[in-house]
Protein chains: 2
Amino acid sequence: MIVTIKDVAKKANVAPSTVSRVIANSPRISEKTKKRVREVMEELGYHPNFQARSLAAKSTQAIGVIMPNSAFHAFQNPFFPEVLRGISTSAHANKYGIYLSTGSTEDEIYNEVTSMVQGRRVDGVVLLYSRVNDKTMNFLQQSNFPFVVVGRPYENEERISFVDNDNIYSTKQVTKHLINLGHHNIAFVGGSLNFVVTIDRLNGYKLALEEANIPFNEKYMVHEEYIKENGREALHSLMSLPSPPTALVTQDDLIAYEMISYLEEIRIRVPEDISIVSFNNLMLSEHSKPPITSVDICIYQLGFEATNCLIEKIKMPNTLPKRITIPTKFIERKSCERKK
Amino acid sequence: MIVTIKDVAKKANVAPSTVSRVIANSPRISEKTKKRVREVMEELGYHPNFQARSLAAKSTQAIGVIMPNSAFHAFQNPFFPEVLRGISTSAHANKYGIYLSTGSTEDEIYNEVTSMVQGRRVDGVVLLYSRVNDKTMNFLQQSNFPFVVVGRPYENEERISFVDNDNIYSTKQVTKHLINLGHHNIAFVGGSLNFVVTIDRLNGYKLALEEANIPFNEKYMVHEEYIKENGREALHSLMSLPSPPTALVTQDDLIAYEMISYLEEIRIRVPEDISIVSFNNLMLSEHSKPPITSVDICIYQLGFEATNCLIEKIKMPNTLPKRITIPTKFIERKSCERKK
DNA sequence: CTGAAAGCGCTTACAG
DNA sequence: CTGAAAGCGCTTACAG
């Protein structure tokens with residue numbers, strides 16, 4: 001019932017190997033033969049079997065995409081579909097399929113990745129996050145399997161290909177923007193220090209403070225874990241500090257959005273009473289009240305470039321690791337104001 | 001370099017077939033042998049090769065997930081990651097992997113699906129949308145390949161397994177809610193009639209009007225295509241009608257959200273001047289101003305049940321088609337008010 | 001330019 | 001309870 005290369009071969013009066021070469025469009029086969037074989041393939045409704053091809057050719061034509069566990073990027077965060085859109089554009093242009101791994105704990109992710117890699121389900125992997133001491137990343141590196149990271153690796157930066165924004169620089173700029181508006185009490189909201197992106201942004205934030213001779217205040221750091229549990233509470237205690245912040249740098253528009261709604265509850269107005277800058281430039285930031293000033297990190301590009309880079313690496317395993325930096329765009333809207 | 005079943009067999013002093021049976025945990029192998037073989041597998045770092053297994057066993061242990069083209073569900077819509085979370089929970093519990101198809105046009109989707117199915121990349125497919133006369137769905141049905149639809153099929157309902165909400169009923173309820181608040185001029189915003197979900201919701205909306213003896217007004221229908229192009233324009237002309245609506249039923253919280261922001265621009269207040277009910281109950285509806293009254297369609301459940309159903313079908317191909325209806329929850333917030 | 005043959009790493013009747 | 005053998009549907013040196 002299933003049409004194989006043999007059926008095509010028989011009908012076209014050639015050897016199976018010839019059919020195989022026609023599929024691969026080998027230049028060693030005459031156009032005449034190609035034409036005949038292709039006609040028969042059409043006629044018989046032949047479709048190559050991926051498993052068989054993979055097994056024989058030792059290539060799966062699929063890439064694995066590893067999502068961070070849901071605890072991190074809340075699953076309702078549009079970052080994910082957007083980065084995936086970039087990934088799939090590149091993958092399809094190169095005729096690769098996408099195999100998705102969505103473990104919900106670190107261990108689950110690790111197991112999925114090892115089985116994916118060692119079971120040869122994919123030819124390469126794009127890791128959609130970078131965390132401190134991540135055993136999944138270590139595994140990929142040690143097994144010398146083609147992979148690329150969206151984000152900056154915590155260790156061995158020079159030996160791993162990755163695609164990232166310059167998070168230190170852009171957070172520094174954003175913080176400076178607030179400082180230039182006269183703010184001194186600036187809080188940093190929403191990062192788990194397990195993720196390199198948080199570390200980088202925090203460092204950018206600190207650098208800006210330093211340059212302006214503003215001392216760094218531990219109390220002005222609100223951790224993501226805490227927000228997830230009880231964002232309202234987290235914000236309220238931040239605003240009850242003896243000298244509450246007059247500006248916020250938040251890691252993500254979704255968090256900024258949530259914060260704005262809690263601030264409103266306690267009659268603190270944005271931007272009149274407190275300014276906010278954020279990251280990601282999601283669609284909602286434009287329609288939010290007030291519209292959120294945000295750093296566009298070009299999510300689509302991150303995914304697209306990462307995949308291009310991975311596929312290049314799959315095709316030429318000896319390519320040297322490289323770092324691709326995607327520029328950010330500062331989108332000024334209405335959530336910041338000069339300090340009164 | 002790659003450890004195969006043969007290496008394990010040799011080292012454990014058994015036949016490759018025995019190793020294979022140990023992997024499958026066949027009851028016909030003695031515990032003693034299993035133990036020894038497993039030890040050797042561990043020692044050698046053996047991992048079964050998926051392609052080889054698939055080829056021999058004619059099962060891939062992967063399901064294909066077909067996204068709607070991006071034009072429809074805007075890619076920033078959290079519907080997608082949420083449904084995927086449900087899918088992956090079920091898939092992983094059953095030890096299936098997820099193969100993602102994300103074509104950007106109907107034809108691309110169709111090609112990806114045919115190649116996925118005929119090339120045996122997956123054992124079954126979950127289709128994340130249902131449109132009128134969809135050739136992808138027709139193909140799946142005709143090729144008698146296991147698949148399940150999230151949404152209601154346009155044709156052959158009795159022959160296709162699908163998981164859906166009762167969209168007619170829930171839209172009727174929601175519209176009635178507005179009618180009970182005294183609204184007569186109710187607009188329906190944001191659906192392409194190519195999608196069955198829109199057809200159903202529109203019918204629910206019409207049913208409610210009918211029961212209340214309110215004539216249906218074509219002018220009160222705003223099409224999705226139009227919104228995508230220029231949502232602001234679309235809304236403005238709706239509100240410039242001789243008798244503008246005093247209430248809106250929108251297809252999606254994201255659209256509702258956008259509409260609220262345009263309404264504000266022209267000084268129309270929600271809910272004082274116009275009431276809005278919407279669907280999906282995204283996270284943002286809670287923090288929106290005003291918080292949006294929305295129908296929770298249980299996106300996660302839709303994905304989860306669909307995948308369970310598909311896997312059941314893969315395992316027992318003769319299971320009869322079934323329809324699973326996921327109940328909706330009406331979440332009342334602050335976007336509706338009694339007509340003045 | 002084309003073919004015969006071996007092999008990719010598994011599974012699964014069949015036989016004992 | 002275990003093994004020998006055939007086969008899944010391809011690719012790819014090798015030979016001509």
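Below, read A as the first sequence line, B as the second, and so on, with proteins coming before strands; counting in each chain starts at 1. Note that this is a predicted model, so its numbers are computed, not measured. Excluded from the calculations below are hydrogen atoms, water molecules and symmetry mates; all remaining heavy atoms, backbone and side chain alike, are included.
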Show me the side-chain donor-acceptor pairs of residues 132-139 of chain A shorter than 3.5 Å, one per line, residues at least two apart or across chains.
unit_1 : atom_1 : unit_2 : atom_2 : d
A:D134 : OD2    : A:Y129 : OH     : 3.3
A:D134 : OD2    : A:M137 : N      : 3.1
A:K135 : NZ     : A:D107 : OD1    : 2.7
A:N138 : ND2    : A:D134 : O      : 3.4

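- Heavy atoms from other residues, nucleotides or ligands lying under 6.0 Å from CG of A:N144 number 12 at most.
- Looking only at distances, a side-chain donor or acceptor of B:N165 sits under 3.5 Å from a matching main-chain atom of B:I326.
- At least one donor-acceptor pair under 3.5 Å links the side chain of A:Q61 to the backbone N or O of A:K95.
- Within the nucleic acid shown, B:V19 has no heavy atom closer than 4.0 Å to any nucleic acid atom.
- The residue among A:Y46 and B:P16 whose nearest nucleotide of DNA chain D is located toward the 5' end is B:P16.
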(message) In dot-bracket form, 5' to 3', how is DNA chain D paired? Count Watson-Crick and G-U wobble pairs only if both distances fall under 3.5 Å, and write | where the partner sits on another strand.
(response) |||.||||||||.|||

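- Within the 4.0 angstrom heavy-atom criterion, base atoms lie near A:S20.
- Within a heavy-atom distance below 4.0 Å of DNA chain C, the residues of residues 49-64 of chain A found are A:L55, A:A56, A:K58.
- For the residue pair A:T307 / A:S90, no side-chain donor-acceptor distance below 3.5 Å is found, with atom types taken as modelled.
- A donor-acceptor pair shorter than 3.5 Å can be found between the side chains of B:T89 and B:Y300.
- Separating the CG atom in B:L310 from the CD atom in B:E305 is a distance of 12.5 Å, to the nearest 0.5 Å.
- A search for side chain to side chain donor-acceptor pair (under 3.5 Å) contacts involving A:T18 returns nothing, not counting sequence neighbours.
- Side-chain contact between A:M116 and B:F50: absent, with no pair of heavy atoms (C-beta onward) separated by less than 4.5 Å.
- Put simply, chain A comes within 4.0 Å of DNA chain C, heavy atom to any atom, from C:dC1 to C:dG9, going 5' to 3'.
- Using a distance-only test at 3.5 Å, with no hydrogens or angles considered, a donor-acceptor pair links the side chain of B:S130 to the main chain of B:R152.
- Counted by atom type alone, A:E108 and A:S104 present one or more donor-acceptor pairs between their side chains at under 3.5 Å.
- Residue contacts shown for B:T4 are limited to sugar-phosphate atoms, with no base heavy atom under 4.0 Å away.
- Here the side chain of A:T60 pairs no donor or acceptor atom with the backbone of A:S54 at under 3.5 angstrom.
- Residues from residues 28-35 of chain B that place a heavy atom under 4.0 Å from any atom of DNA chain D, listed by number: B:R28, B:I29, B:S30, B:T33.
- A salt bridge does not link B:R36 with B:E39: none of the charged nitrogens is closer than 4.0 Å to a carboxylate oxygen.
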